[in-house]
Amino acid sequence: MRVAYGGDADVTEADLADGWLALARSWLQQAIDAQLPEPNAIVLGTVDAEGRPATRTVLCKEMRDDGIVFYTNHTSEKGGHLAGRPVASATFPWIGIQRQVTVRGSVTRVSAEETAAYWATRPRGSQLGAWASEQSRPIASRADLERQLDEVTRRFEGGDVPVPPHWGGYLVAAETVEFWQGRNNRLHNRLRVTPRDGAVVRLQP
Ligand SMILES: Cc1cc2nc3c(=O)[nH]c(=O)nc-3n(C[C@H](O)[C@H](O)[C@H](O)COP(=O)(O)O)c2cc1C
Ligand SMILES: Cc1ncc(COP(=O)(O)O)c(CN)c1O
């Protein structure tokens, strides 16, 4: 497998004139228009107490001035990592449009109000799933997991499903944001922005 990159216009420092967020949103829109699967998926890297990295995919639910937001279980493995070392790296792997954006920075929880507002938009089935699963913990069988779902389904029958205390959003602060665009001969474009001072640095590919 050997794919030659290029064909579209070069991304340049001028594309960052309106800041990283405008460019990241425009690339996300291009990923959506190109019908990439799960265009808002990010590969999220965290580190454990010994500094060993771990990655998994989550969905970015908001891109805003101060960073990007995803939702998960606070008692999951990643939740444990973030409690101990509140830093992360998140990559949008838009390989189908020869792009990649990586946001790195400190991680904080979003407010309970913000989590509640997002929770309310989730389908009831996903809400029940968040109650039914002790994310990242072992379970003996699929049947046991389905029993846990039956149990919470009964518990919340006839009413709204509240936000689980173990569930919520995290903000990965945009301390650095790198825009990568594939080019021919592996001479890709890489622009790294530091939003705090607006500095843009071009990195060798
Ligand atoms: C496309 C895709 C999207 C996902 N989105 C989320 C998500 O938004 N939140 C989440 O908790 N897990 C999501 N997952 C599951 C995670 O990848 C992961 O398995 C789970 O969060 C447990 O991770 P952990 O054990 O490292 O904490 C997603 C998986 C895929 C493949
Ligand atoms: C375990 C888990 N939690 C949360 C999410 C995010 O889902 P939603 O879009 O329903 O918030 C996903 C998405 N695949 C998931 O797999």
Side-chain angles (χ1 to χ4, degrees), residues 24-25 27-32 34-64 67-97 99-142 144-153 156 160-174:
R25 284 191 172 151
W27 282 22
L28 173 61
Q29 190 56 52
Q30 289 175 51
I32 295 166
Q35 298 186 302
L36 300 191
E38 305 281 33
N40 60 325
I42 49 179
V43 177
L44 179 81
T46 56
V47 286
D48 72 11
E50 281 80 50
R52 286 177 303 218
T55 59
R56 78 292 285 156
T57 307
V58 295
L59 297 179
C60 168
K61 294 295 174 170
E62 197 187 354
M63 248 191 211
R64 59 191 209 203
I68 58 175
V69 176
F70 66 92
Y71 288 86
T72 193
N73 184 313
H74 295 311
T75 61
S76 64
E77 183 174 71
K78 78 181 86 53
H81 291 180
L82 292 170
R85 295 197 175 193
V87 293
S89 177
T91 296
F92 292 89
W94 293 319
I95 296 159
I97 57 167
R99 311 248 171 125
Q100 163 177 269
V101 168
T102 300
V103 176
R104 290 189 208 168
S106 306
V107 177
T108 47
R109 289 194 191 185
V110 306
S111 69
E113 293 71 31
E114 200 175 332
T115 287
Y118 175 65
W119 176 261
T121 71
R122 301 184 81 217
R124 187 179 180 88
S126 303
Q127 293 178 338
L128 290 169
W131 276 99
S133 167
E134 291 188 46
Q135 193 177 57
S136 315
R137 290 198 167 63
I139 191 162
S141 67
R142 177 85 210 172
D144 284 351
L145 188 59
E146 282 165 14
R147 265 193 290 280
Q148 290 179 185
L149 177 63
D150 291 344
E151 198 247 299
V152 297
T153 303
F156 296 116
D160 286 345
V161 184
V163 182
H166 58 262
W167 196 91
Y170 290 93
L171 172 76
V172 181

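First listed ligand is number 1; within each ligand, the first listed atom is number 1.
For atom 6 (C) of ligand 1, the nearest protein heavy atom (residue, atom name, distance) is Val58 CA, 3.5 Å. For atom 5 (C) of ligand 2, the closest non-hydrogen atom of the protein is Arg122 NH2, 4.0 Å. Among all protein heavy atoms, the one lying closest to atom 13 (C) of ligand 2 is Leu59 CD1, 3.7 Å. The closest protein non-hydrogen atom to atom 20 (C) of ligand 1 is Gln135 NE2, 3.3 Å.
For atom 15 (C) of ligand 2, no protein non-hydrogen atom is found at a distance below 4.0 Å.
Partner Glu114 forms a salt bridge (charged side-chain N to carboxylate O under 4.0 Å, His left out) with one of Arg64, Lys61, Arg109 and no other, that one being Arg64. When each of Arg85, His81, Glu77 is tested with Thr46 by the rule side chain to side chain donor-acceptor pair (under 3.5 Å), just one qualifies, namely His81.
Between Val110 and Glu62 the shortest side-chain heavy-atom distance does not fall below 4.5 Å.
Each of the atoms 10 (C), 11 (O) of ligand 1 lies under 4.0 Å from some heavy atom of Thr72. With ligand atoms numbered from 1 in the order given, ligand 2 contributes 10 (O) to contacts under 4.0 Å with heavy atoms of Ser126. The Gln135 neighbourhood of ligand 2 comprises atoms 1 (C), with distances under 4.0 Å to a heavy atom of that residue.
Atom 14 (N) of ligand 1 has its nearest heavy-atom neighbour, among Asn73, Thr57, Leu59, Asn40, in Thr57. Comparing heavy-atom distances from atom 22 (C) of ligand 1 across Arg56, His81, His74, Lys78 singles out Lys78 as nearest. Distances from atom 24 (P) of ligand 1 to the heavy atoms of Gly169, Ser136, Ala130 show the closest one on Ser136.
Between Glu38 and ligand 2 there is no heavy-atom distance shorter than 4.0 Å. Remark: distances from the non-hydrogen atoms of Tyr118 to ligand 2 include one below 4.0 Å.
Atom CD1 in Ile42 sits 10.5 Å away from atom CZ in Arg56 (nearest 0.5 Å).
Aromatic ring orientation, Trp167 versus Tyr71: parallel (interplanar angle below 30°, classes split at 30° and 60°). Note: His74 and Tyr170 have perpendicular aromatic rings, judged against thresholds of 30 and 60 degrees for the angle between ring planes.
Across Pro162 and Asp160, no two heavy atoms sit closer than the pair CD-O, 3.5 Å. Nearest heavy atom pair, residue Pro39 against residue Leu36, reads CD-O, 3.3 Å.
When heavy-atom distances to ligand 1 are checked against a 4.0 Å cut-off, Tyr71 comes that close only through its backbone atoms N, CA, C and O.
Of the polar atoms of Lys61, at least one N or O is found under 3.5 Å from an N or O of ligand 2, judged by distance alone. For ligand 1, none of its N or O atoms has an N or O atom of Glu38 under 3.5 Å away.
Ion pairing between Arg147 and Glu151 fails under the 4.0 Å rule for side-chain N and carboxylate O.
Of the possible polar contacts, none joining the Trp131 side chain to the Thr153 backbone as a donor-acceptor pair under 3.5 Å is found.
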